[in-house]
Amino acid sequence: MNLEQVSPYLWRIPRDAGRGMRVPALVVADRALLDLIRRDASLEQLANGATLPGIVRAALAMPDIHQGYGLPVGGVVATDAEHGVVSPGAIGFDINCGVRLLATPYQATDVGPHVRPLVDALYAAVPTGVGATGGIRLEGPELSAALEGGARWAVERGWGDAADLDRLESSGCLPGADAEAVSPRARERGARQVGTLGSGNHFLEVQVVDEVYDEARAREFGLSVGQVTVMIHTGSRGLGHQVCTDFLALTGQALKRYGIHVPDRQLACAPLDSPEARRYLAAMRAAANFAFANRQLLAHWTRDVFRRVLGDGALRVVWDVAHNIAKEEEHEVDGRRRRLLVHRKGATRAFPGQPVLVPGDMGRYSFVLAGTEAALRETFGSTCHGAGRVMSRTAAVKAARGRRIADELAAGGVVARATGRDALAEEMPEAYKDVQHVVDVVHRFGISTRVARLRPIGVIKG
DNA sequence: ATGTAC
């Protein structure tokens, strides 16, 4: 792939009309990360993203980019809200996979002796693993209410406080969701999965703030060194997966009808003024709300567990972000305000001052950042979402053979429990890039700034 | 990510 260096942290794939690119592609990275990025097909996938009709300015990649389905994970594609398209593959299977951070009133020294009981109680309270059910069963109209109400639906039924909603991206409810657009099959898959963690990179972690980079911002977010936090990483489970599957098929069939050519069927899309696009967006928003409700329930049960194990201290929501979503937003492009549909697939919204939550791996760190004006100029108000893998799941399992990852984590001060036989091996720290490196790049490039670093002490996985 | 093959 032909790459030009634009600045120390920005690289360009020039527009190539021969391969159908309508705009160039831009990659935020340093040389070392770029070497890792070039090992998979993510840059070809990014160039494919630049062919989407109505794409504005450039197809963008964050430094944690890696190969995905259609568009790479870590990709940001903005299309014109009137003349552009929506592409389910540019959002991902796990619609509104995202992260919520809770701040506790406890210090590491308060929690230290209680980490094992805390992790055991969290593991008992939160259903984990692929296919996990047993949160709450939602029938007919009640499931529809959750799909259209998101976190607000959960709060109205007593799972959390109204004040939580002020601390969630989009207040935990995307308008324009329509439960009728979600297929019966997707509903069936979701009916018993609200209030479950799932598997893969999803986790619930007890952490300690081990470094603060920006005192003023940390204080504003309610974070200080030594404080215990809880991070919840999960999404829309089988329901969102089925919504993506359904609409990949539908948009795939519609390509010919609308005269759209994409270089990869996995980038199937539909014009924003088409019935297919309207229906997908209504279903995507419903799946996103399901994920917001899911994180609200897990936060509520986390509070129950902390109350039982540690006492009455209140757990406050710091923030909740979506990592896989498309949002209609207004941005300035070439000096003109334009309404765009911003697809973020493994990327975090980073509007000025907004908290950004970046999970790393379970042995090292996660980060809290703040969004910036530079992000609005450079990346449609977006930044990275995580570390990104360096090892495939199978490679990680192979590398972990004969080792006891739980013991290794314990030796590093992390109590871990997981459901799947290979869950800890697949997710072991060395299977991931160093999130600190990724965060350094977005900080130096300026699209978000470091606020605090969080070190895990307890983790539950699927 | 995912009832890891409807």
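First the proteins, then the strands, lettered A, B, ... as listed; each starts at 1.
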To the nearest Å, give me how far apart [atom1] ([X]) and [atom2] ([N]) are.
{"X": "A:His202", "N": "B:dT4", "atom1": "NE2", "atom2": "P", "answer": "16 Å"}
{"X": "A:Arg187", "N": "B:dG3", "atom1": "CZ", "atom2": "C1'", "answer": "19 Å"}
{"X": "A:His241", "N": "B:dC6", "atom1": "NE2", "atom2": "P", "answer": "9 Å"}
{"X": "A:Lys461", "N": "B:dT2", "atom1": "NZ", "atom2": "P", "answer": "11 Å"}
{"X": "A:Phe93", "N": "B:dA5", "atom1": "CZ", "atom2": "P", "answer": "12 Å"}
{"X": "A:Arg237", "N": "B:dG3", "atom1": "CZ", "atom2": "P", "answer": "6 Å"}
{"X": "A:Ile91", "N": "B:dT2", "atom1": "CD1", "atom2": "P", "answer": "18 Å"}
{"X": "A:Leu248", "N": "B:dT2", "atom1": "CG", "atom2": "C1'", "answer": "13 Å"}

Quick check on [N]: is either OP1 or OP2 less than 4.0 Å from any side-chain nitrogen or oxygen of [X]?
{"X": "A:Arg393", "N": "B:dT4", "answer": "no"}
{"X": "A:Ser199", "N": "B:dT2", "answer": "yes"}
{"X": "A:Gln193", "N": "B:dG3", "answer": "yes"}

Does A:Arg349 qualify as a cation-pi partner of A:Phe351, given the criterion of NZ or CZ under 6.0 Å from the six-membered ring centre and within 45 degrees of its axis?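 Here A:Arg349 passes the 6.0 Å and 45° test against A:Phe351.
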Scan for side chain to side chain donor-acceptor pair (under 3.5 Å) pairs involving residues 260-273 of chain A, sequence neighbours excluded, and state none if there are none. none
Touch class at under 4.0 angstrom, heavy-atom based, for A:Gly238 against every strand present: sugar-phosphate
Taking any heavy-atom pair under 4.0 Å as a contact, classify A:Arg185: base, sugar-phosphate, or nothing.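 Touches a base.
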Please tabulate, for the side chains in residues 43-54 of chain A, all donor-acceptor contacts under 3.5 angstrom to protein atoms that are two or more places apart in sequence or on a different chain.
unit_1, atom_1, unit_2, atom_2, d
A:Gln45, OE1, A:Gly68, N, 2.9
A:Gln45, NE2, A:Gly68, O, 2.8
A:Thr51, OG1, A:Asn48, O, 2.7

Got a second to check how far A:Ile447's CD1 is from A:Cys384's SG, nearest 0.5 Å? 7.0 Å
